[in-house]
Trainee: 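Starting off with a structure, shown below.
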Amino acid sequence: MVSYISKVVALAAVVAPFTVSAVTPILVAGGCSNFPGYNNETSTSGGNVVWAVNTIAPVSGNGLTYKTSNGVAEYVVVVNNQEAKGPFRCTGRTASDTVIQSLFGGSWSPAKVSGSSLSAKLTNGLPGADLQAYWHDTPNEGHIYLGSNGATEWAIKKDPTSNYWTLRLLPNLCDVAGLQAGEERTYLALY
């Protein structure tokens with residue numbers, strides 16, 4: 001069995017940085033069967049790695065980890081992939097019962113996008129909008145990207161007090177003016 005860290009290290013070598021461009025997010029239909037490592041008997045995908053892709057060189061190809069406060073996880077992009085943790089999985093057979101979960105505190109629970117459009121963070125342990133899976137431009141082609149409510153573009157910003165990049169989901173069709181000082185654009189791809 002390949003460990004989560006092994007997946008992180010192996011995939012870092014194949015994800016190349018390039019410019020974020022406009023895409024059309026298409027909600028993944030059909031439950032979790034399109035996810036990597038899907039098991040038809042359990043209706044669950046494997047512990048999938050999530051990467052920041054199509055972004056600036058120091059971050060593109062890096063995985064996620066979480067920082068915790070009061071029993072809540074906020075996901076961030078790591079600078080060193082050895083620190084990546086918190087795999088994601090999909091459960092459900094149909095689009096209406098599909099839930100994207102993250103492993104936090106030893107158990108799987110729903111990942112959410114919590115906060116307003118100016119501070120929409122990827123979390124576990126807070127109420128919010130469901131994290132959803134999307135194709136970009138063409139159904140059933142390429143990677144699955146994570147987002148919510150039709151948006152898949154995330155803003156990342158270096159946290160000056162740590163070795164992480166914070167994440168916030170950008171509203172649909174956000175132009176450059178929607179970025180705050182020091183932010184860059186990225187997508188979160190599922191592997």
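In this chain, numbering begins with 1 at the start of the sequence shown. Reckoned from all heavy atoms, side chains included, excluding hydrogens, waters and symmetry mates.
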Trainee: Is any side-chain N of the basic residue among Glu183 and Lys157 closer than 4.0 Å to the acidic one's carboxylate O?
Mentor: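 Looking at Glu183 and Lys157, the cut-off is not met.
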Trainee: Can you give me the closest heavy-atom contact between Ala133 and Ile100, atom names plus distance?
Mentor: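 Between these two residues, the closest heavy atoms are N-CD1, 3.7 Å.
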Trainee: Enter the distance from Ser116:OG to Leu169:CG here, rounded to the nearest 0.5 Å.
Mentor: 11.0 Å
Trainee: What is the distance from atom CD of Gln101 to atom NZ of Lys112, rounded to the nearest 0.5 Å?
Mentor: 10.5 Å
Trainee: Please find the pair of heavy atoms, one from Tyr38 and one from Cys32, that lie closest to each other, and give the distance.
Mentor: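 So the two residues come closest at CD1-O, 3.2 Å.
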Trainee: Hey, is the main chain of Val23 close enough, under 3.5 Å, to the side chain of Asp137 for a donor-acceptor pair?
Mentor: no
Trainee: A side-chain contact here means heavy atoms from C-beta on lying under 4.5 Å apart; do Ile156 and Val76 qualify?
Mentor: no
Trainee: When rounded to the nearest 0.5 angstrom, what is the spacing between CG in Asn124 and OH in Tyr66?
Mentor: 9.0 Å
Trainee: Using modelled atom types and a 3.5 Å cut-off, is there a donor and acceptor pairing between side-chain atoms of Asn48 and backbone atoms of Pro36?
Mentor: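 Checking the backbone N and O of Pro36 against the side chain of Asn48, a donor-acceptor pair under 3.5 Å is found.
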Trainee: Can you give me the closest heavy-atom contact between Gly47 and Trp108, atom names plus distance?
Mentor: CA-CH2, 4.2 Å
Trainee: Please name the residue in the list Thr123, Val99, Leu122 that meets the side-chain contact (heavy atoms from CB on, under 4.5 Å) test with Leu131.
Mentor: Leu122
Trainee: Would you compute the distance between atom CD of Glu153 and atom CG of Leu170 and round it to the nearest 0.5 angstrom?
Mentor: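 CG of Leu170 is found 5.5 Å from CD of Glu153.
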Trainee: Quick check: closest heavy atoms across Gly150 and Pro25, and the distance to 0.1 Å?
Mentor: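 Nearest heavy atoms, Gly150 then Pro25: O-CG, 3.3 Å.
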Trainee: Do Arg93 and Ser43 have a side chain donor and acceptor closer than 3.5 Å?
Mentor: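 Yes.
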Trainee: Taking atom types as modelled, is there a side-chain donor on Asp159 or Thr166 under 3.5 Å from an acceptor on the other?
Mentor: no
Trainee: Counting distance only, does the side-chain N/O of Ser148 pair as donor-acceptor with the main-chain N or O of Val113 below 3.5 Å?
Mentor: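 No; zero donor-acceptor contacts below 3.5 Å.
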Trainee: Any donor-acceptor pair under 3.5 Å linking the side chain of Tyr134 with the backbone of Thr152?
Mentor: no
Trainee: Donor-acceptor check, side chain of Thr98 to backbone of Thr94, threshold 3.5 angstrom: yes or no?
Mentor: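 Yes; at least one donor-acceptor contact below 3.5 Å.
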Trainee: Keeping Trp135 on the side-chain end and Thr24 on the backbone end, is there a donor-acceptor pair under 3.5 Å?
Mentor: no
Trainee: Using ring centroids (six-membered ring only for Trp), state whether His143 and Tyr187 fall under 6.0 Å.
Mentor: no
Trainee: Using only atom types and a distance under 3.5 Å, with no angle test, would you say the side chain of Ser114 pairs donor to acceptor with the backbone of Pro127?
Mentor: yes
Trainee: I'd like to know if the side chain of Asn34 reaches the main chain of Ala29, judged simply by a donor and an acceptor atom lying under 3.5 Å from each other, with no hydrogens or angles considered.
Mentor: yes
Trainee: Taking atom types as modelled, is there a side-chain donor on Thr44 or Asn39 under 3.5 Å from an acceptor on the other?
Mentor: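 No, because no side-chain N or O of Thr44 sits under 3.5 Å from a partner of the opposite role on Asn39.
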Trainee: If you define the side chain from C-beta out and look only at heavy atoms, does anything of Val78 sit under 4.5 Å from Asn163?
Mentor: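 No, side chains not in contact.
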Trainee: Taking all atoms of both residues into account, what is the closest heavy-atom pair of Glu83 and Tyr164, and its distance?
Mentor: OE1-CE2, 3.6 Å
Trainee: Does some side-chain heavy atom of Thr65 sit less than 4.5 Å from a side-chain heavy atom of Val77?
Mentor: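 Heavy-atom side-chain distance check fails, nothing below 4.5 Å.
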Trainee: Looking only at heavy atoms, which two atoms of Leu188 and Ala52 are closest? And how far apart?
Mentor: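 Taking every non-hydrogen atom into account, CD2-CA, 4.1 Å.
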Trainee: Could you tell me the separation between the CZ atom of Phe88 and the CD1 atom of Ile144, rounded to the nearest 0.5 Å?
Mentor: 14.0 Å
Trainee: Rounded at 0.5 Å granularity, tell me how far CH2 in Trp154 sits from CZ in Arg168.
Mentor: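 Going from CH2 on Trp154 over to CZ on Arg168, the span is 11.0 Å.
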Trainee: Would you confirm whether Gln132, through its side chain, and Asn149, through its main-chain N or O, come within 3.5 Å as a donor-acceptor pair?
Mentor: yes
Trainee: Given 3.5 Å as the limit, does a donor-acceptor pair link the side chain of Asn62 with the main chain of Val79, or not?
Mentor: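 A pair under 3.5 Å: yes.
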